[in-house]
Asks: 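This structure is in structure tokens; I'll ask about it shortly.
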Amino acid sequence: MKPDLFESPDYYNIDDLLTEEQKLVRSAARDWVKRDISPIIEEAAQEAKFPKQIIEGLAGIGAFGPYIPEAYGGAGLDQISYGLIMQEIERGDSGVRSTASVQSSLVMYPIFKFGNEEQRNKYLPKLASGEFMGCFGLTEPDHGSNPGGMVTHFKDKGDHYLLNGAKMWISNSPFADIAIVWAKSEEGRIHGLIVERGMEGFSTPETHNKWSLRASATGELIFDNVKVPKENILPNKSGLGAPLMCLDSARFGIAWGVIGAAMDCYDTALRYSKERHQFGKPIGSFQLQQKKLAEMITEITKAQLLAWRLGTLRNEGRATSAQISMAKRNNVDMALKIARDARQILGGMGISGEYSIMRHMMNLESVVTYEGTHDIHLLITGMDVTGLNAFK
Ligand code: TGC
Ligand code: FAD
């Protein structure tokens, strides 16, 4: 792979909107990605292997629980800092950002928010340091966009719960030490359970043959009469709203993260357009290529402003779920279109692993689907503005 020459675009001086702390956090993440991700990520993706050696570095830049209080091992940062960390990591690879999103927003967040003090103290510091890795089981083979229909369930057996069912498409499942599993009680109410690797009847087979997020491990969660200790239920919230609150946090991180992938594609295509000559001129001098580049930087700038404003609303506790849906949908779509256009600017070289663009493009095909598909987020916006529910 070519050396990492990335220069971050900032067309509207958005840096002026950031605090010194936010810029420092971003700079640490950016340096780490250049040093520890860029040199190894292409090979990891080609070999479809999650590079486990990066876990320590992710913890080091505060990517595990950026906004979880320091008392529990988190970094105690604000939401914009969290977003900037996701942006820098996804500039390297969406699969690496997935690992950080799941650990922070889908594992640490529910334990922090819905767990008791004992659960917080037992799990959060180890998750923050990367000693424990977690995964989040909501999607099932027959229930993806409609998680409320889930069939995974547990029965109260007096001194423990008996868990049965299956989850699929679960990021980090093949190596996770714990899983936050969403399952229905005998009354049909959804609860979160902490399931630990090693519990009898619990297995996590890996999903192979992915053309996307190849540097991230994806798998199933299978529960065959798993005895879950009663102290492993998250006591402070039940109902579908609980996992959806976790998704709000992760979708917010994605809205920022994909800006990084888009920036990397734009930066690569811009540099290439000035270096590559055809018909005796740099290809960047042709109007058709300039149109692509001009539209890319326009869309990146709009996405940055959307993410920054959403971050300020999150910091003030005012962001709605529908606002988060809009940003996730818009920014992922923006990044995917930029990746496709950037790939064309590189011509044949665009399909080569010498450059990051095709990897970003394939990764973004998962990002546009997970955490709520492009169409589901449109329907959430539609419901918000009309007051009419298209799902029911
Ligand atoms: P609905 O009846 O609308 O809502 C059920 C209850 O939940 C409340 N609620 C929310 N609460 C918090 N945050 C939100 N975003 C919420 N949205 C809804 C709602 O008020 C209600 O509460 P209550 O008290 O009245 O019961 O639910 P529905 O069954 O009609 O479904 C709505 C829908 C379709 C929007 C939702 O289910 C949805 O978002 N579907 C998409 C599924 C999804 O995003 N799955 C993601 C799986 S995890 C993943 O992909 C991880 S990828 C990780 C990585 O690698 O980065
Ligand atoms: P479906 O729900 O079957 O949707 C298929 C198509 O139908 C989509 O285009 C959808 O938009 C459309 N559709 C569905 N309902 C409607 C409707 N009402 N109106 C109009 N169109 C509709 N899940 C987890 O729980 N944890 C994870 O860690 C996780 N990681 C993932 C990692 C990867 C790499 C991938 C690919 C997925 C992951 N997922 C995870 C699952 C992901 O969240 C689901 O794939 C996603 O929610 C969509 O569900 P589905 O694949 O079952 O598609």
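Whatever order the structure lists ligands and atoms in, that order sets their numbers, starting from 1.
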Asks: So that I know where these two stand, are Y72 and Y123 an aromatic pair - ring centroids less than 6.0 Å apart?
Replies: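 Ring centroids of Y72 and Y123 are no less than 6.0 Å from each other.
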
Asks: When you measure from atom 6 (C) of ligand 1 to every protein heavy atom, which one gives the shortest distance, and what is it?
Replies: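 Result: G241 N, 3.9 Å.
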
Asks: Short N/O distance, under 3.5 Å, between T139 and ligand 2?
Replies: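 It does: an N or O of T139 is found under 3.5 Å from an N or O of ligand 2.
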
Asks: Any atoms of ligand 2 less than 4.0 Å from a non-hydrogen atom of L213? List them with their elements.
Replies: 34 (C)

Asks: I'd like to know whether K227 forms a side chain to side chain contact (heavy atoms under 4.5 Å, CB included) with K157, so could you lay out the CA-CA distance, the side-chain angles of the two residues, the decisive distance to 0.1 Å, and finally the verdict.
Replies: CA-CA 9 Å; K227 285 183 185 173; K157 291 288 181 185; over 6 Å; no

Asks: Whether the T19 and E21 side chains hold a donor-acceptor pair (N or O, under 3.5 Å, no angle test) is what I'd like checked.
Replies: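 Result is no, nothing qualifies.
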
Asks: Going by heavy-atom distance to atom 36 (C) of ligand 2, choose the closest among F391, W182, W169.
Replies: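 Going through F391, W182, W169 one by one, W169 has the nearest heavy atom to atom 36 (C) of ligand 2.
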
Asks: Would you mind running through ligand 2 and noting each atom that sits below 4.0 Å from a heavy atom of I170?
Replies: 24 (C), 25 (O), 26 (N), 27 (C), 28 (O)

Asks: Side chain, backbone, both or neither: which part of L379 has a heavy atom under 4.0 Å from ligand 2?
Replies: side chain

Asks: With C265, which of I338, L336, L346 fulfils side chain to side chain contact (heavy atoms under 4.5 Å, CB included)?
Replies: I338

Asks: I'd like to know if atom 3 (O) of ligand 2 has any protein heavy atom within a distance of less than 4.0 Å.
Replies: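 For atom 3 (O) of ligand 2 the answer is no, since every protein heavy atom stays at 4.0 Å or beyond.
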
Asks: Looking at ligand 2, is there an atom of it that comes within less than 4.0 Å of some heavy atom belonging to S366?
Replies: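 Heavy atoms of S366 do come under 4.0 Å of ligand 2.
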
Asks: Look at atom 27 (O) of ligand 1 and find which of N146, N172, L240 reaches it with the closest heavy atom.
Replies: L240

Asks: Is M383 in contact with ligand 1, taking contact as a heavy-atom separation below 4.0 Å?
Replies: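 No.
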
Asks: Which ligand 2 atoms are under 4.0 Å away from a heavy-atom of Y370?
Replies: 31 (C), 32 (C), 33 (C), 37 (C), 38 (C), 42 (C), 43 (O)

Asks: Any protein heavy atom lying closer than 4.0 Å to atom 32 (C) of ligand 2?
Replies: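 It does; a protein heavy atom is within 4.0 Å.
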
Asks: What is the closest protein heavy atom to atom 14 (C) of ligand 1, and at what distance does it sit?
Replies: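 Sorting protein heavy atoms by distance from atom 14 (C) of ligand 1 puts S321 OG, 3.3 Å first.
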
Asks: Evaluating non-hydrogen atoms only, which member of S216, P243, P147, G137 is closest to atom 37 (O) of ligand 1?
Replies: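 The nearest heavy atom belongs to P147.
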
Asks: Any atoms of ligand 2 less than 4.0 Å from a non-hydrogen atom of F136? List them with their elements.
Replies: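 Taking each heavy atom of F136 in turn, ligand 2 has 24 (C), 25 (O), 26 (N), 27 (C), 28 (O) under 4.0 Å.
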
Asks: Relative to the heavy atoms of L138, which atoms of ligand 2 are at a distance of less than 4.0 Å?
Replies: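 Selected atoms, number and element: 25 (O).
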
Asks: Can you tell me which residue and heavy atom of the protein come closest to atom 40 (N) of ligand 1, and the distance to 0.1 Å?
Replies: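 Checked against all protein heavy atoms, atom 40 (N) of ligand 1 sits closest to S145 O, 2.9 Å.
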
Asks: Which of the numbered atoms in ligand 2 are below 4.0 angstrom from a heavy atom of T373?
Replies: 10 (C), 11 (O), 48 (C)

Asks: When you measure from atom 14 (C) of ligand 2 to every protein heavy atom, which one gives the shortest distance, and what is it?
Replies: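 Looking at atom 14 (C) of ligand 2, the protein heavy atom closest to it is S145 OG, 3.6 Å.
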
Asks: For ligand 1, is any non-hydrogen atom under 4.0 Å from I380's backbone (N, CA, C, O), its side chain (CB onward), both, or neither?
Replies: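 The answer is the side chain.
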
Asks: Does an N or O anywhere in G372 fall below 3.5 Å from an N or O of ligand 1?
Replies: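 Indeed, backbone or side chain, G372 has an N or O that close.
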
Asks: Report the nearest protein non-hydrogen atom to atom 45 (O) of ligand 2: residue, atom name, distance rounded to 0.1 Å.
Replies: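 So the nearest neighbour among protein heavy atoms is T369 CG2, 3.9 Å.
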
Asks: For atom 32 (C) of ligand 1, is the nearest protein heavy atom closer than 4.0 Å?
Replies: no

Asks: Protein non-hydrogen atoms only, distance under 4.0 Å: does atom 10 (C) of ligand 2 have such a neighbour?
Replies: yes

Asks: Could you check L138, T152, L240, T139 and say which one makes a side chain to side chain contact (heavy atoms under 4.5 Å, CB included) with W182?
Replies: L138

Asks: Evaluate S171 for polar contact with ligand 1, using N/O atom pairs at a separation under 3.5 Å.
Replies: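 Between S171 and ligand 1, an N or O pair is found under 3.5 Å apart.
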
Asks: Is atom 7 (O) of ligand 2 in close reach of the protein, with a heavy atom under 4.0 Å away?
Replies: no

Asks: Just need the protein heavy atom nearest to atom 52 (S) of ligand 1, so name the residue and atom and give the distance.
Replies: Y370 CG, 3.4 Å

Asks: Any side-chain heavy atom of E371 sitting closer than 4.5 Å to one from K328?
Replies: yes

Asks: In this structure, which one of F64, F252, W256, Y109 forms a ring-ring contact (aromatic ring centres under 6.0 Å, His included) with Y82?
Replies: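 Going through the options one by one, the only one that passes is F252.
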
Asks: Using a 4.0 Å cut-off to any heavy atom of E371, which atoms of ligand 2 qualify?
Replies: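 Numbered from 1, ligand 2 contributes 43 (O).
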
Asks: Any side-chain heavy atom of E118 sitting closer than 4.5 Å to one from K122?
Replies: no

Asks: If you measure every N/O of T139 against every N/O of ligand 1, is any gap under 3.5 Å?
Replies: no

Asks: Do R91 and S38 pass the side chain to side chain contact (heavy atoms under 4.5 Å, CB included) test, and can you show the C-alpha distance, the side-chain angles, and the key distance before you say yes or no?
Replies: CA-CA 9 Å; R91 207 278 296 172; S38 299; 4.2 Å; yes

Asks: Pick one of side chain, backbone, both or neither for how F136 approaches ligand 1, counting any non-hydrogen atom pair under 4.0 Å.
Replies: side chain

Asks: For atom 30 (O) of ligand 1, what's the nearest protein heavy atom and its distance?
Replies: K392 NZ, 3.1 Å

Asks: For atom 49 (O) of ligand 2, find the nearest protein heavy atom and state the residue, atom name and distance (0.1 Å precision).
Replies: G144 CA, 3.3 Å

Asks: Ion pair present between R97 and D93, side-chain N to carboxylate O less than 4.0 angstrom?
Replies: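 Judged by the 4.0 Å cut-off on N to carboxylate O distance, R97 and D93 do not form a salt bridge.
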
Asks: With backbone taken as N, CA, C and O and side chain as the heavy atoms from C-beta onward, which portion of L213 lies under 4.0 Å from ligand 1: side chain, backbone, both, or neither?
Replies: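 Under 4.0 Å from ligand 1, L213 contributes no heavy atoms.
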
Asks: Just to confirm, does any protein heavy atom lie below 4.0 Å from atom 19 (C) of ligand 1?
Replies: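 No, there is no protein heavy atom closer to it than 4.0 Å.
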
Asks: Please lay out, stage by stage, how L388 and M383 fare under the test side chain to side chain contact (heavy atoms under 4.5 Å, CB included).
Replies: CA-CA 5 Å; L388 303 170; M383 177 161 60; over 6 Å; no

Asks: Identify, by atom number and element, the atoms of ligand 1 in contact range of R97, meaning under 4.0 Å from any of its heavy atoms.
Replies: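 Per the distance check, 56 (O).
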
Asks: To check your reading of the model: name the closest protein heavy atom to atom 9 (N) of ligand 1, its residue, and the distance in Å.
Replies: L244 CD1, 3.6 Å

Asks: Looking only at distances, can you tell me whether any N or O atom of N389, backbone or side chain, sits closer than 3.5 Å to an N or O atom of ligand 1?
Replies: no

Asks: To check your reading of the model: name the closest protein heavy atom to atom 42 (C) of ligand 1, its residue, and the distance in Å.
Replies: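 So the nearest neighbour among protein heavy atoms is G144 O, 3.7 Å.
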
Asks: Pick one: which of L313, D248, L306 meets side chain to side chain contact (heavy atoms under 4.5 Å, CB included) with Q323?
Replies: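 Testing Q323 for a side chain to side chain contact (heavy atoms under 4.5 Å, CB included) against L313, D248, L306 leaves exactly one candidate, L313.
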
Asks: Counting only heavy atoms closer than 4.0 Å, does ligand 1 sit against the backbone of R251, its side chain, both, or neither?
Replies: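 The answer is the side chain.
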
Asks: Considering heavy atoms of the protein only, find what lies nearest to atom 51 (C) of ligand 1 and give residue, atom and distance to 0.1 Å.
Replies: E371 OE2, 3.5 Å

Asks: Tell me who clusters with V195, hydrophobic residues only, linked when side chains sit under 4.5 Å apart either directly or through other members.
Replies: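 V195 clusters with F154, Y161, L163, I170, V181, L193, M199, F202, L221, F223, V226, V228, I233.
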
Asks: Specify whether the nearest protein heavy atom to atom 39 (N) of ligand 2 is under 4.0 angstrom away.
Replies: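 So atom 39 (N) of ligand 2 has protein heavy-atom neighbours under 4.0 Å.
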
Asks: Provide, to 0.1 Å, the distance between atom 28 (O) of ligand 2 and the closest protein heavy atom, together with that atom's residue and name.
Replies: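 Sorting protein heavy atoms by distance from atom 28 (O) of ligand 2 puts S171 N, 2.9 Å first.
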
Asks: With a 4.0 Å cut-off on N to O distance, would you call E186 and K155 a salt bridge?
Replies: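 Looking at E186 and K155, the cut-off is not met.
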
Asks: One residue to check: T373. Relative to ligand 1, which of side chain, backbone, both or neither has a non-hydrogen atom less than 4.0 Å away?
Replies: neither

